[in-house]
Amino acid sequence: MTNPSPAPEPAAAAETSESAAPGDRQVPGPRRAGEPRRPTLRSDLRASWPDGLVALVITAAVFVLLYLRIRNKTSSTVTVMPFMADAGGFWMYFLSQAFGWSALLWAWGTVILGLLLSGPRPSRLPLSGPRLERLHRTTSLNTIALIAAHALLFAAELVRHDTAAWNSAVATAFVEAFVPGGYDSGTGRVAIPVGQAALYLAIPLGLLFYVRHRIGPKTWRVLHRCVIVVYVLSVWHTLLYGTNVWYDGWFRTGVWLLQLPIAALLLLRLLRPARRSEKLPGRPGASAGARRGWVLRLGGRLVVAAVLVALVAVVASGRDGGRSVPPEDTSSTHNHD
């Protein structure tokens with residue numbers, strides 16, 4: 001998430017952006033008088049509050065929607081877990097769900113921004129390159145916060161409904177929510193570790209930007225590209241365990257539909273990279289290393305193209321891996337998002 005994905009003023013942008021210039025960049029020398037300072041975690045945290053406020057408003061709106069659907073028994077969550085029809089009794093769980101959905105939305109946004117910054121950009125964008133870079137960083141920080149809130153509220157809900165002593169309940173909830181393999185019920189045996197992996201990868205990958213001058217720009221770029229893994233894990237966790245998208249229907253198909261622009265931008269980023277060193281030559285070089293790199297680059301482009309075709313097929317057919325809705329009186333599956 002992260003990132004799964006997850007602003008530099010002119011001088012800093014030249015160091016950090018993957019698309020500000022067509023050639024490979026070197027780490028700039030000492031900052032001259034009058035040049036803007038390198039963005040820091042503290043400055044980005046201060047700049048992230050408007051974006052974070054919007055995220056909280058969206059989360060509140062999603063919570064209200066989930067709560068009303070539960071109370072009116074129109075949510076598939078009630079079909080999956082009938083005991084949760086008591087909206088007031090499980091409000092903390094539904095708030096965790098709301099944070100999970102806003103985290104996924106913010107992860108989607110920060111990946112889109114990253115692909116726009118690192119690949120060919122549209123000729124007209126509402127924000128300049130440096131402003132887009134800052135927004136990319138602040139959405140990444142807020143994505144981490146939203147994922148963490150989702151996990152913490154899930155753990156708090158486990159504590160709240162545990163009848164054991166509070167210290168035992170806290171220890172059990174910590175293991176189930178934050179230790180891979182600690183949650184051993186149903187689909188959660190796979191889905192919970194997938195979500196945990198998204199959280200544990202999002203934190204370091206999202207914060208590496210602020211130490212890129214220590215680890216070197218090339219190392220940072222390689223690691224930063226792994227943010228897409230955080231996003232894939234987040235989507236996988238949602239599709240596996242989100243009771244709102246448990247069954248076939250437009251809502252689950254909508255989640256798949258959102259992946260189309262990411263796959264398209266990623267393919268465009270690979271076909272038209274900003275750096276000359278990442279371009280795919282017409283034929284491989286003579287050395288074994290050059291041939292290996294050529295094959296890997298070509299393979300990556302083919303894989304992403306195949307993923308894009310598969311996504312189009314899923315959306316067009318409506319066959320998106322969801323379960324069939326069972327008869328109302330036979331649903332007894334117990335699971336959590």
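Worth knowing before you read on, the calculation uses all heavy atoms, side chains too, and leaves out hydrogens, waters and symmetry mates.
Checked against salt bridge (Lys or Arg N to Asp or Glu O under 4.0 Å), Arg189 has no partners two or more places apart in sequence or in another chain.
For the residue pair Tyr67/Gln97, the side-chain donor-acceptor check at 3.5 Å is not satisfied. Side chains of Ser185 and Glu176: no donor on one and acceptor on the other come within 3.5 Å.
Both Ile58 and Leu104 belong to a single network of hydrophobic side chains, linked directly or stepwise wherever heavy atoms of I, L, V, M, F, W or Y lie under 4.5 Å apart. The hydrophobic clustering, which links ILVMFWY residues whose side-chain heavy atoms are closer than 4.5 Å, places Val111 and Trp220 together.
In this structure the side chain of Tyr210 reaches within 4.5 angstrom of the side chain of Arg137, judged on heavy atoms.
At least one donor-acceptor pair closer than 3.5 Å links the side chain of Asp162 to the backbone N or O of Ala164.
The salt bridge (Lys or Arg N to Asp or Glu O under 4.0 Å) contacts involving residues 302-322 comprise Arg252-Asp320, where partners must be two or more places apart or lie in separate chains.
Side-chain rings of His161 and Tyr93 stay apart, their centers remaining 6.0 Å or farther from each other. Taking the six-membered ring for Trp and the full ring otherwise, Phe251 and Trp101 have centroids separated by under 6.0 Å. Checked against the 6.0 Å centroid criterion, the rings of Phe90 and Phe83 qualify as a close aromatic pair.
Across all their heavy atoms, Val78 and Ala85 have their closest contact at CG1-CB, 4.2 Å.
Atom-to-atom distance recorded for His136:NE2 and Phe209:CZ is 9.0 Å, nearest 0.5 angstrom.
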